[in-house]
Structure formats: C-alpha cells, structure tokens
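Notes follow the structure.
Each chain gets a letter, A, B and so on, in the order its sequence line appears, and its residues count up from 1.
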Number of protein chains: 2
Amino acid sequence: MVQSKTELFEQELIEKAALFKALAHPARLQILQFLAATQSCITGDISDELPLGRTTVNQHLKELKAAGLVTGHIEGVKTKYCLDMDNVKRLREELGGFIDDLHIDNYCCE
Amino acid sequence: MVQSKTELFEQELIEKAALFKALAHPARLQILQFLAATQSCITGDISDELPLGRTTVNQHLKELKAAGLVTGHIEGVKTKYCLDMDNVKRLREELGGFIDDLHIDNYCCE
DNA sequence: TTCTTATGACGCAAATATACGTCAAATATT
DNA sequence: AATATTTGACGTATATTTGCGTCATAAGAA
C-alpha cells in the first residue's frame, strides 16, 4: 500500500476496530483468560502457560496495556498484571453495542 | 518470526481470535454497517461509500465472507452482498460469551 | 457482433504484526 | 560486594495485512 488509510475513517470506527484488534490473537485471549482465572494478579511468567517465549508474551502484554484492558504494577523485581475491570466491562458493552446497532432483527435479505 | 505459532493454541481460542480479527479494521466495520443500513442487499459499489478503491473493498468483503459474516449472490453482471444474520447473531453471543466467561464480576486485583 | 459495465483473480509494494535473542537496569540473594 | 532473577527496551527476521493496478471473464446494451 502506498500509505495507511485507517485514519480516513470515522474516529469511532477506528477505536472500535482497535479494540477488536487487541483481541485478534489467541495469545492475547489466553492471557486475558489467565489473568481472570488467577484472581490474584500474576507476575510475568505467564509465558509458562503459553507456547511462546517470554519476550513475545511481554509484547502481547504491552498491546493489551495499550488497549487499556490490562494494567501492570511493579512490585520489587517482579511486575503484577491485572485486568482493568472497568475497561473490560466497557469493552463488552461497546462490542455488543456495535452489533445491536446493526438492527439485524429487522434485516431482510432477498 | 521463524514460524507462525497460532496453531499451537486451543482451537477454540484460534477461532474466536479469527472472529475478532474479521472485525479489526474500520473498513470492515463500516461495510457491515452499510449492509445493515441498506436493508436490500447491495452491489459491489460499496466502495463509493468508503475512502478506498474498489479492489481493496473487494478484498475486505472476501475476508468478511471467509469469516462467514457476509454472503454474495451473483445477479446478472452484479453481485449482491448480504449479512449472514444467523452468523452475526452467533458472533454476538460468542464475543459476549468470551467476556462473560472471564467472570470479571468476582475479579479482585490487589 | 461490438461495446460497455461489473466483477473477481492475480500479483506487487508498503505497512504492520509476530516471534524472539540480546542487553542493561533494578531488585533480591548470598 | 558479588551473584542471580526478573523485567522491559531494542533490534532483527519472517509473516501477514493492506491497498491498489491490471487483466480476463461474464452479462447486458447498442
């Protein structure tokens, strides 16, 4: 492509697409599940749970943080990661809302 | 990367990630909105509505079809695209379900 | 038939994502 | 102090996505 064109779309669509993109990799989904399952916030060796190296997992964590779904607290040498519950809830509403707004109930294709 | 590793994850996660990925671009979100808004199924010149060329839009439509969210019926020279309502509804449940399954209501981070 | 239109397949180039090795800094352990 | 852990930043290689031009095909119009 000559240039990226994502910025030519409506801001709202861009943001929604970015949210979906944050969830568009199985590693990131599994990280979210793992953080949710282990109630207490967990250190970085989430990589033991995934078929990926540590730095790769770190990279995915970084993206989840950028999307606002996860926060990281430094605790001595280690770092504890947590779900950002408020944003995860907001996420759920936004994603459901997008589909609801399509009003597929009335949709009739012929 | 030496090789793609997505296939090393659980099948369920891979499929959910693929669904999210289908929604991870503003053009595809807008295409879905457009198809939903124009009740009658629409020919390919959806590209008039987007800041993208025809072949690019075609490419995005192809991805939406691969994800099962859209179907295309040939009608003479033109092609009519439709939302696949059943799959869109299923999508809504699966995506909401993923977040529900995190049980964030009980989540307590300290 | 000839011309026009609409489409999708194909391939290219640029941008971005994915995966990881290495390294320096910070904290703990000895 | 010397050593060991844990982490994130950085760079690199490969893979995938994105955007588009070109072309051949198929159907309708002239």
Side-chain angles (χ1 to χ4, degrees), chain A residues 1-9 13-14 17-32 35 40-67 69-82, chain B residues 1-9 13-14 17-32 35 40-67 69-82:
Chain A
M1 68 184 119
V2 182
Q3 57 179 353
S4 177
K5 297 214 165 177
T6 32
E7 69 278 357
L8 296 181
F9 290 87
L13 284 182
I14 295 173
L19 271 184
F20 283 116
K21 185 179 282 186
L23 304 176
H25 193 287
R28 293 195 285 275
L29 295 183
Q30 192 170 341
I31 289 173
L32 291 178
L35 284 177
S40 74
C41 306
I42 276 307
T43 85
D45 38 22
I46 306 175
S47 53
D48 294 344
E49 306 288 326
L50 310 208
L52 295 174
R54 186 189 60 83
T55 50
T56 305
V57 170
N58 213 300
Q59 175 69 23
H60 285 300
L61 277 168
K62 205 168 149 191
E63 289 175 56
L64 288 171
K65 276 172 71 175
L69 299 177
V70 161
T71 57
H73 305 285
I74 296 173
E75 196 135 319
V77 195
K78 310 197 175 180
T79 304
K80 283 193 168 189
Y81 286 99
C82 313
Chain B
M1 69 184 119
V2 182
Q3 57 178 352
S4 177
K5 297 214 164 176
T6 30
E7 68 279 357
L8 296 181
F9 290 87
L13 285 182
I14 296 173
L19 271 185
F20 282 115
K21 185 179 283 186
L23 303 176
H25 193 288
R28 291 195 285 274
L29 295 182
Q30 193 170 340
I31 289 172
L32 290 177
L35 285 177
S40 73
C41 308
I42 276 306
T43 84
D45 37 21
I46 306 175
S47 54
D48 294 344
E49 305 288 326
L50 311 208
L52 296 175
R54 186 189 60 84
T55 49
T56 306
V57 170
N58 212 300
Q59 175 69 23
H60 285 301
L61 277 168
K62 206 167 148 189
E63 289 175 56
L64 288 171
K65 277 172 72 175
L69 300 176
V70 161
T71 56
H73 306 284
I74 298 174
E75 196 135 320
V77 195
K78 310 197 174 181
T79 303
K80 282 193 165 187
Y81 285 99
C82 313

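- Between atom CG of residue B:L61 and atom CD1 of residue B:I46 there is a gap of 4.5 Å, rounded to the nearest 0.5 Å.
- Note: NE2 (A:H73) to C1' (D:dT7) measures 16 Å, nearest angstrom.
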Per-nucleotide protein contact string for nucleotides 22-30 of chain D, where B marks a base within reach and S marks sugar-phosphate only (heavy atoms under 4.0 Å, - for neither): B----SS--

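- For A:K5 and C:dA14, the NZ to C1' distance is 13 Å, given to the nearest whole Å.
- Rounded to whole angstrom, the span from the CD1 atom of A:I74 across to the C1' atom of C:dT27 amounts to 11 Å.
- Residues B:F20 and A:L29 form a side-chain contact, since some pair of their non-hydrogen atoms from C-beta on lies under 4.5 Å apart.
- Taking 4.0 angstrom as the limit, A:T56 places a side-chain polar atom (N or O) nearer than this to OP1 or OP2 of C:dC20.
- In this structure, A:Q59 CD and A:L64 CG are separated by 10.5 Å, a value rounded to the nearest 0.5 Å.
- Atoms NE2 (B:H60) and C1' (C:dA9) sit 17 Å apart, rounded to a whole Å.
- Taking the six-membered ring where tryptophan is involved, the planes of A:H60 and A:H25 are tilted, since the angle between them lies from 30° to 60°.
- One can place CG of B:N58 at 13 Å from P of C:dC10, the figure rounded to the nearest angstrom.
- A distance of 12.5 Å separates NZ of B:K21 from CG of B:L23, quoted to the nearest 0.5 Å.
- Protein atom CG of A:L52 is 5 Å distant from nucleotide atom P of C:dA19, rounded to whole Å.
- When heavy atoms are screened at a 4.0 angstrom cut-off, A:K21 is found touching the sugar-phosphate backbone but no base atom.
- For B:K78, the side chain to side chain contact (heavy atoms under 4.5 Å, CB included) partners two or more places apart in sequence, or in a different chain, are B:T43.
- The stretch residues 24-32 of chain B has no heavy atom under 4.0 Å from DNA chain C, so no residue of it qualifies as close.
- Once rounded to the nearest 0.5 Å, the distance linking CD1 of B:I31 with CG of B:L52 reads 8.0 Å.
- When the side-chain nitrogen and oxygen atoms of B:T79 are compared with OP1 and OP2 of C:dG8, one or more of them lie within a distance under 4.0 Å.
- Here the straight-line distance linking atom OG1 of B:T55 with atom NZ of B:K62 works out to 11.5 Å at 0.5 Å rounding.
- One interatomic measurement links the two molecules: NZ of B:K62 to C1' of C:dT7, which rounds to 12 Å at whole-angstrom precision.
- The CG atom of A:L19 sits 6.5 Å away from atom CG of A:L69, with the distance rounded to the nearest 0.5 Å.
- Taking atom OH on B:Y81 and atom P on C:dT7, their separation rounds to 8 Å, with Å as the unit.
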